[in-house]
Amino acid sequence: MKKKSNQRGLTSLNKLPAYDHKKIEAKWQKYWEYKKSFQAKDQQGEASLKKFYALIEFPYPSGEGLHVGHIRSNTAMDIIARKRRAEGYNVLYPIGWDAFGLPTENYAIKTGIQPAVVTKKNTDIFRRQLKALGFSFDWSREINTTDPAYYKWTQWIFLQFFKKGLAYKKKMTINWCPVDLIGLANEEVIDGKCERCGNPVEKREKEQWMLAITKYAERLDKDLDTVDFLERIKTQQRNWIGKSEGAELTFKIKAGTNSDKQIKVFTTRPDTLFGVTYVVLAPEHPLVKEFLPTIENKEEVEKYIANVKKETDIERTDAGKEKTGVELKGVKAVNPANNEEVPVWIADYVLADYGTGAVMAVPAHDERDWEFAKKYGLAIKKVILHEILQNIPSDYRGRAGNRDVIVISDCFTGDGKMINSGKFDGKNSEAIKKEITTSVGGKWVTTFKLRDWIFSRQRYWGEPIPVVHCELHGIVPVPEKDLPVKLPKVKNYKPTETGESPLATISKWVNTKCPQCKGPARRETDTMPNWAGSSWYYLRYADPKNKKAFADPKNLKYWTQVDWYNGGMEHTTLHLLYSRFWHKFLFDLGLVPTSEPYQKRTSHGLILAQGGEKMSKSKGNVINPDGIVETVGADSLRLYEMFMGPFDQPIAWDTNNIAGVRRFIERVWKLREKVVQGRTLDLKLQKIIHKAIKKVSDDIEAMRFNTAVSALMITLNELEKFEIIDSEQYGTFIQLLAPFAPHVAEELWASLGNKTAIHTASWPVYDPALAADFEATIMVQINGKVRGSFVAPMNLSKEELEKRARTLPESAKWLEGKEVKKVIVIPNKLVNIVLVDNNLAVR
RNA sequence: GCCCGGGUGGUGAAAUUGGUAUACACGCAAGACUUAAAAUUUUGUAGCCGAAAGGCUGUGUGGGUUCGAUUCCCACCCCGGGCACCA
């Protein structure tokens, strides 16, 4: 393997001391900070550099310190950011703190320490930990959602919503825990009990601030087509928005003597209209109250409604639960298609806030209606016939045809041929949906599952909602010049018995003057949910210190939209949807230049504890990164988290495996002993390096970090076989390593005599001719089984490949005395010789 | 129930267009170095049969398509995540 001829004129380099991660990492972190290496430049106008905006979800600074999961996401985007810089982009990779939230507040309740103080302490810890990992964040743009200079603009945006009528107050029922004295979100109620204390939850009527996200439902759905999100993320967003098209049909009512009331129903299956055997209203439907005086079983109905009210939403919507209902006796609905009179029921399986809060029930073709009709003995009328079943007796069960097993259920929810449907008989049900809708005077409409966003919390640690309640003028927004409405200090952070925020107890703060009439007024004491600050933070990074606007339009024009946003799957529904909503609203006001905030969104898999459980403080299985940085270094930790498995999948932590990547770094360090100054033009060496450039570059773009690291390891294994490596090839290898393990890369790069830092060097470009192989291993198969192989030059002709395969000694014994049926030749890959075989049984 | 992932050695996992299954790493075993250990290093490491050469089996299960299937098709089982009576 010696390359004597190359040794002429090559000088060896100074010897390096042993690899000392602590010294090296501290040195380069200091260097980057001193040199402001990763500060993005705001550029405007024609001369501006091409920009790249890389974003990670800014962390919630919890008391537990940085989670190894943060490191996975941050390292991934750091690798991409560093590669982009090397490719000549002006990169913005910012960081901040999403610091409002319950854990901090609960800690304050317990200890009496101000949330602001706790937050300061926690962000200091997070900052130190993140800096110790060498992420190339632009620290000069650090933001904090709890900073009044930041939440001033969160409040300002809220006021814009208010002015456009998209922020409004609404009376609604909330889940109330009588022990914790707190309103709970539906997600916080488990089996009708408080998630925290386990006590049964009550319902309370309360005025809540709402944001009208439903006004944007259509665009939030449609515009997913214009962005580059992972398909499963788009699907999740679409499911959450829940767009559905169908018909709104009107049933006339007969209640007592002549009634002029009507019931509007929403259905996606107007084609089953002739099969309607009853109509169901949600118990909360406003018409129910109007019917009450005329119905025969008033008491029974009132009792039923009272029972339903007691249930929580979770109980009521539990799919496993048996449906219940009661007939409104004396009330009939008239089917607009055939004037048939059908009974009207109320039932818990119909939701008040979806569609029209009323449905037409077709038990023959809807499973829920089927279940309900069976239970209460209601009529079932078939109007659609499955294509395949059209000629089969209705009691037939079992095989139909050779392949399909059709079990005939009495409830058929598919499309088919229409029967018992008057003039529509014989037609295909799918095709006439719209026709049947218009024939009965119905409308074709779009509905969404998405509900308006409950935007108020009765808690302390959030942005105060910047309005006052005036006796004369009602709700009056705080003038923009008076923003921010600062959170006052309180003694006790515990929510009150009345369900009000602790802010309500500070009369000095609450009692104020109306901005309009200067008369007495009370401040709004509700605060915003912690989704608020994170709904626009990426815009603030463009101009984080601006006092006149949330960001200068010129900066926004240059930096938005975010080019690549990575975060956890847990935020791909709500946070992503909320921030897209805010962004679209700001876009409509002409305040941001794009209609979508993020061009590309990817997600990383969760890191689980050793054994596959979730990491949690209570289980005591949380990995503290500090210890790992201390013992093996940030570079090893970064490399391990990239190597541990596919980036988008959940994966269990295994401390033992860090040893492997640490060894790898030490071997890269040791390889430096073989490096000589200059270029050797060793073709074999160049080929190895150019293949690595291609593989590592491609893998980074596709977030296949695990195989990128593996490619670096394979490359190292190859390089170790050489006696001498020239500094140019070694330098290129170090450049490929640099985004993953930046500290050791800087050190080795400098040791090669480079006067400028590695992160300023341009990303290596591979030569396709060098990256390509000039020979290929051709597999020889007999009847599809590998029997041998030979090496051939690339692109050898099929004829020649077949000839060589046939003469291969390994194939000879299999071919002896056999007749060749056919030969398949795949250039550069394999030759498969298929024999006419009368001895062996055909597989 | 519906939607989205995934199932490959003792372990984490690779296989980019249907073409050498198990790359890379951990662990383990044996050897070298050492007084010894650690570290380092060399070799081996899917299972079964065999002294070896070699052969057979093998990517959750059962079928199918193909000269050839981890990859494509059909049916099913299991694990993870999301939604959940949305008419």
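Hydrogens, waters and symmetry mates play no part in the numbers below; they use all other heavy atoms, side chains included.
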Distance check needed: B:C26 P versus A:Arg662 CZ, whole Å only.
14 Å
Pairing check on B:C72: which nucleotide meets the Watson-Crick or G-U wobble criteria with it, both distances under 3.5 Å?
B:G64
Report the distance from atom CD1 of A:Ile782 to atom P of B:G68, rounded to the nearest whole Å.
14 Å
Select one nucleotide: of B:U20, B:A87, B:C24, the one nearest the side-chain heavy atoms of A:Met779.
B:U20
Does A:Glu666 pair with A:Lys670 as a salt bridge, N-O distance under 4.0 Å?
no
Separation between the P atoms of B:A15 and B:U8, rounded to whole Å:
15 Å
Could you check A:Asn657 against A:Thr356 and say which one's nearest nucleotide on RNA chain B is further toward the 5' end?
A:Asn657
A:Glu641-A:Thr75 side chain donor-acceptor pair, cut-off 3.5 Å
no
When both distances are under 3.5 Å in a Watson-Crick or G-U wobble arrangement, the nucleotide paired with B:A23 is none
Between B:A87, B:G5, B:A25, which one does the side chain of A:Arg667 approach most closely?
B:A25
Could you tell me how far apart A:His575 (NE2) and B:G82 (P) are, to the nearest whole angstrom?
17 Å
Which whole number of Å gives the distance between the C1' atom of B:U70 and that of B:A13?
13 Å
Which listed nucleotide (B:A25, B:U20, B:A87) is nearest to the side chain of A:Thr777?
B:U20
Whole angstrom value for the distance that separates C1' of B:U11 from CH2 of A:Trp653:
16 Å
Atom CG of A:Asp348 and atom P of B:A87 are separated, to the nearest Å, by 18 Å
What pair of heavy atoms forms the shortest contact from A:Thr715 to A:Ala692, and how long is it?
OG1-CB, 3.4 Å
CD1 of A:Ile233 versus P of B:C4: gap in Å, rounded?
15 Å
Heavy atoms only, 4.0 Å cut-off, all strands: where does A:Asn717 land among base, sugar-phosphate and nothing?
sugar-phosphate
Ranking B:C3, B:A87, B:G12 by distance to the side chain of A:Thr235, first place goes to B:C3
Using atom C1' of each nucleotide, how far apart are B:G19 and B:A69 to the nearest Å?
10 Å
Just call it for A:Glu231: base, sugar-phosphate, or nothing, with non-hydrogen atoms closer than 4.0 Å on any strand.
nothing
Closest of B:C4, B:U20, B:G19 to the A:Lys829 side chain is B:G19
Over all strands shown, is A:Ile714 touching base, sugar-phosphate only, or nothing at heavy-atom distances under 4.0 angstrom?
sugar-phosphate
If we take the C1' atom in both B:A38 and B:U45, what is their distance in whole Å?
24 Å
Whole-Å P distance, B:A37 and B:G54:
37 Å
Over all heavy atoms of both residues, which pair between A:Glu248 and A:Thr356 is shortest? Give the atoms and the distance, please.
OE1-CG2, 3.9 Å
Can you find a donor-acceptor N/O pair under 3.5 angstrom joining the side chain of A:Lys822 to the base of B:C67?
no
Pick the nucleotide of RNA chain B nearest each of A:Gly784 and A:Thr707; which residue has the one closer to the 5' end?
A:Thr707
Among B:U16, B:A14, B:U20, find the nucleotide with the atom closest to the side chain of A:Asn706.
B:A14
Is the phosphate of B:A87 approached by A:Ser244 (side-chain N or O, under 4.0 Å from OP1 or OP2)?
yes
Paired nucleotide for B:G1 [Watson-Crick or G-U wobble; both distances under 3.5 Å]:
B:C83
Using atom C1' of each nucleotide, how far apart are B:G63 and B:A46 to the nearest Å?
26 Å
If every non-hydrogen atom of A:Met644 is compared with every non-hydrogen atom of A:Ala652, which pair is closest and at what distance?
CE-O, 3.9 Å
For the pair A:Glu720 and A:Lys674, find out whether any cationic side-chain nitrogen is under 4.0 Å from an anionic carboxylate oxygen.
no
Please confirm whether the shortest side-chain N or O distance from A:Tyr354 to OP1 or OP2 of B:A87 is below 4.0 Å.
yes
Picking from B:A87, B:U57, B:C3, which would you name as closest to the side chain of A:Lys785?
B:U57
Side-chain donor-acceptor pair present, A:His571, A:Glu57, cut-off under 3.5 Å:
yes
I want to verify a distance call: between B:G6, B:C67, B:G12, whose nearest atom is closest to the A:Ile651 side chain?
B:G12
So what does A:Arg451 touch, heavy atoms closer than 4.0 Å: a base, only the sugar-phosphate, or nothing?
nothing
Considering only heavy atoms and no angle criterion, is a donor-acceptor pair shorter than 3.5 Å present between the side chain of A:Asn239 and the base of B:C83?
no
To the nearest angstrom, the CH2-P distance between A:Trp240 and B:C3 comes to 19 Å
Select one nucleotide: of B:A23, B:G19, B:A21, the one nearest the side-chain heavy atoms of A:Asn832.
B:G19
Could you tell me whether the phosphate oxygens of B:U40, OP1 or OP2, come under 4.0 Å of any side-chain nitrogen or oxygen in A:Arg663?
yes
Identify which nucleotide among B:U20, B:U40, B:U41 has an atom closest to any side-chain atom of A:Val786, counting heavy atoms from C-beta outward.
B:U20
For A:His604 and A:Asn566, test the side chains for any donor-to-acceptor distance below 3.5 angstrom and give the result as yes or no.
yes
With sugar-phosphate meaning primed atoms plus P, OP1 and OP2, does A:Phe448 contact a base, only sugar-phosphate, or nothing at under 4.0 Å between heavy atoms?
nothing
Take atom C1' in B:A51 and the same atom in B:G6, then report the distance between them in whole Å.
44 Å
Which base sits across from B:A46 as a Watson-Crick or G-U pair, both distances under 3.5 Å?
B:U57
Assign A:Val359 to base, sugar-phosphate, or nothing according to its heavy-atom contacts below 4.0 angstrom with the strands shown.
base
Who is the Watson-Crick or G-U wobble partner of B:A36, with both distances under 3.5 Å?
none
Using the purine O4'-C1'-N9-C4 or pyrimidine O4'-C1'-N1-C2 torsion, is B:G54 syn (within 90° of 0) or anti?
anti
As a quick check of understanding, evaluate side chain to side chain contact (heavy atoms under 4.5 Å, CB included) for A:Asp773 and A:Asn828, giving each step before the final call.
CA-CA 10 Å; A:Asp773 287 307; A:Asn828 303 326; over 6 Å; no
Taking atom P in both B:U43 and B:C48, compute the distance separating them and give it to the nearest angstrom.
25 Å
To the nearest angstrom, how far is A:Ile658 atom CD1 from B:A13 atom C1'?
17 Å
